[in-house]
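Inspection log for the structure reproduced underneath, given as C-alpha cells.
As the structure is a prediction and not an experimental result, all values here were calculated from the model. Counting convention: from 1, in listed order, for ligands and their atoms alike. Heads up: numbering here begins at 1 and tracks the sequence.
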Amino acid sequence: MSETHSTLLYGGVTALVVGLSIFGWRRSRGGRTYPPGPPAHPLLGNLKDIPTGGSEWLAYEQLGKRIGSDVIYMTALGSHLLVLNSFEAARDLLDKKGSLYSSRPRLVMIKEMMGWDWNLILMSYGKLFTAYRRVVQQEFSAPVVADRYRPVITREVHNMLGQLLRAPEGLVKHLKTMAGAVIMMVTYGHQVTSMDDEFVKLAEQVREHGEKTPGSNIVDIFPFMKYIPAWFPGAGFKREAMLKYRLAMEMRTAPYAEVMSRMAAGTAVPCMVSRLMQEDLPNENVDKGEFVKNCGGVVYSAGADTTVAALANFFLAMTLYPDVQARAQKELDEVITRDRLPTFEDRQRLPYLNNVVKESLRWKPVAPLAVPHSSIEDDEYRGGYIPKDTTVLPNIYAMLHDEAHYKNPNEFDPDRYLPTSDNPEGEPDPSRAAFGFGRRICPGRFFADDSLFLTISSALHVFSIKKPDGSKGVESVTWSSGLVSLPSPFPFAIVPRFAGAPDLLNVSEPV
Ligand code: HEM
C-alpha cells in the first residue's frame, strides 16, 4: 500500500465521519446499547475524540485504556466508527464474521473522483472484489512464491547488498529500488536498474501527488460537490482529481502496454500479466485487458512501501540492539559459514533469525491501523449494537503491544517467541495481526515474508549495522502517519562484517 492510499485513507476515515454526519443517513440512538465509547456531544458526537495529529494508533490505544475497553465505538451525528484494540475482538468480528466485515468505506475523492475504485485494496465487498481477490491471492500463494518468485527475490537482494557495500548512506533508496525491482519483475517481467526507471518514477509521482491530497478533501466532507463543474470557484479539487486520475491511469497502463507489445513480438519475459492474459477470467462480465491491468496495478501500490518500511524498522532496531545482532550473526556463522550467502533452504536451521524477522513485523507495525474495514449489515458484539456501514479500524499496533500477550512490548526481543515454563507456546506470532484480517488479509504476506527473511539474513551475514562512530545514535525517531508508517531518518553505519564479505556480493550484476 502506498502512502498515496495511506494519507488519504486515514484522513478519509475522519472525513467520512464528518461527511456522513452532515449529509448521510441518521440513525436514532434511542433504546439501543452500543459498544463502549467516550461520551458523545449531542450535536457533534465524538468528533473531538477522533485523533488526527499523528500516531493515531497510540491515541486509540490510550483512549481504550481510559474507557477500560478493547473495543471503542464512536459516532458523529449518524456515522459510526469502531476501533478494535485487541486481537480477540478483531478475530471475533473480522475473522469469524468475515462475510459481514469485509467491505471498505466510501472515499469520494480517491475512489470516485481519482478513479482508484479499480484497486483491490479499496474495493467494496462484492462479486468484482471476489474475482480480483481470487486472482491476486492465487498469484501470491505460498507455493507460487516459492516456485516462481524466489529466484527474483534472491537476485535483487544480492544486488541491493552490492549497492549497500558501495554506498551505505543510501540505505532507504536501495531498499526502495530492491522492492520496486522485485515487484516490477514478477508483475511485468520488467528489469528495474535504479530509482530512475521510468515506471518506478511514475509510481513515485503518483505517490507524491497522492500525499498532497488529504482524504479530508472538501469533497469527502461534502460529497455533493463532486457534481459541480471544474470551472466553478472553489472546484480546484476537481482539476486536481483529473490530474491524479491521469497519472494513476498511466502508472497502470504503461507497464501493461510494454508487456502487451513484448507478447506480440514474442519477447515477453514470463510474468503475472503475461500469464493472466493467457488464462480464462474468473468473471466474464469484465474486460480482460482492464482486469489484468488492474491486477498488475495493485501489486506495486500494496507491496513496495510496506516491504521498505518493515526493512527500515529492522535496520533501525539493529542500531539499537547490538546484542540481538551479535546472536543472529553467531547463528549465521554456525549454520551458513562465511564462504556463501544464506538461501531459503537455510531458513529451517535459523530459529533465532526467524524470530528477528517476526520481531521486525511486531516492534513497529508497518500498517498500524491496517486498512479500514466496513460492515455490510447490522450486527451485535458483546451486547453492543454495531450498525451497517460502520467503519472498523483494527488497531494492529495496540494488538502487537498488548501486555496481555507481549511482555515489555516496546523492547525488540526475539526471545519472546521461545517457550517458557509460564508460557509453553511462547508469545504469539505477530503475523496473526500484522497482515490484517479475515477476507481482507494481506494476499502478499508469503511474498513479503520471503523478502524479509532473505534481506534480513543476508544483510546480517555480511554487514555490521551500528550507530556511527562518535554518534549518540537514535535520539528521536518518529513514525509517519498513514496506512504505511515509515520511520524518520536515523543515524547508522553499515560496514562489512569480515574480510571476505565483499567477495560474497556479486557487484557486477545490474544495480
Ligand atoms: C511487510 C509487508 C506487508 C505488510 C505488513 C502488509 C500488511 C497488509 C495489511 C495490514 C493489509 C490490510 C488487511 C486488512 O484490510 O485487514 C494489507 C492488504 C493488502 N496487501 Fe499487504 N502487506 C505487506 C506486503 C504486501 C505485498 C508485498 C503485497 C503484494 C503482493 C501486498 C498486497 C496486499 C493487497 C493486494 C492488499 C489488499 C487486500 C484486500 O483489500 O483484499 N502486501 N497488507
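- Taking every non-hydrogen atom of F129 and a distance limit under 4.0 Å, the qualifying atoms of ligand 1 come out as 41 (O).
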Practice task
Dump the intermediate steps for side-chain hydrogen bond (donor to acceptor under 3.5 Å, both in side chains) on D379 and Y101, then the final yes or no.
Solution key: CA-CA 10 Å; D379 191 26; Y101 287 95; 2.8 Å; yes

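- Relative to the six-membered ring of F435, R445 misses at least one condition, a distance below 6.0 Å or an angle of at most 45° to the axis.
- Contact annotation: for R104 versus ligand 1, heavy atoms closer than 4.0 Å belong to the side chain alone.
- One option in Y125, F435, F446 has a heavy atom closer to atom 6 (C) of ligand 1 than any other, and that option is F435.
- Proximity of M123 to ligand 1, defined as any heavy-atom pair under 4.0 Å, is not found for any part of the residue.
- Near R133, the atoms of ligand 1 lying under 4.0 angstrom from a non-hydrogen atom of the residue are 38 (C), 39 (C), 41 (O).
- Between Y149 and F140, the ring planes lie tilted relative to each other; the angle falls in the 30° to 60° range.
- For ligand 1, the atoms sitting less than 4.0 Å from at least one non-hydrogen atom of A448 are 2 (C), 24 (C), numbered in the order shown with element in parentheses.
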Practice task
Please assess Y73 against Y385 for the test ring pair (Phe, Tyr, Trp, His ring centres under 6.0 Å), listing each intermediate value before the final yes or no.
Solution key: CA-CA 10 Å; Y73 171 78; Y385 169 64; 8.5 Å; no

Practice task
Evaluate the criterion side chain to side chain contact (heavy atoms under 4.5 Å, CB included) for residue pair R252 and E290; output intermediate values, then yes/no.
Solution key: CA-CA 10 Å; R252 241 180 339 142; E290 276 300 301; 3.8 Å; yes

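- Listed by number with element, the atoms of ligand 1 under 4.0 Å from a non-hydrogen atom of V371 are 12 (C), 15 (O).
- For F490 and F315, the ring centers sit 6.0 Å or farther from each other.
- With a 4.0 Å cut-off on non-hydrogen atoms, A434 touches ligand 1 through its backbone and not its side chain.
- Taking the six-membered ring for Trp and thresholds of 30 and 60 degrees, F129 and Y125 have ring planes inclined between 30 and 60 degrees apart.
- Taking the six-membered ring for Trp and thresholds of 30 and 60 degrees, Y406 and Y417 have ring planes more than 60 degrees apart, a perpendicular arrangement.
- Residue F447 approaches ligand 1 through these ligand atoms, each under 4.0 Å from one of its heavy atoms: 27 (C).
- Among the atoms of A370, none of the N or O lies under 3.5 angstrom from an N or O of ligand 1.
- Remark: ligand 1 and H373 share an N or O pair separated by less than 3.5 Å (distance only, no angle test).
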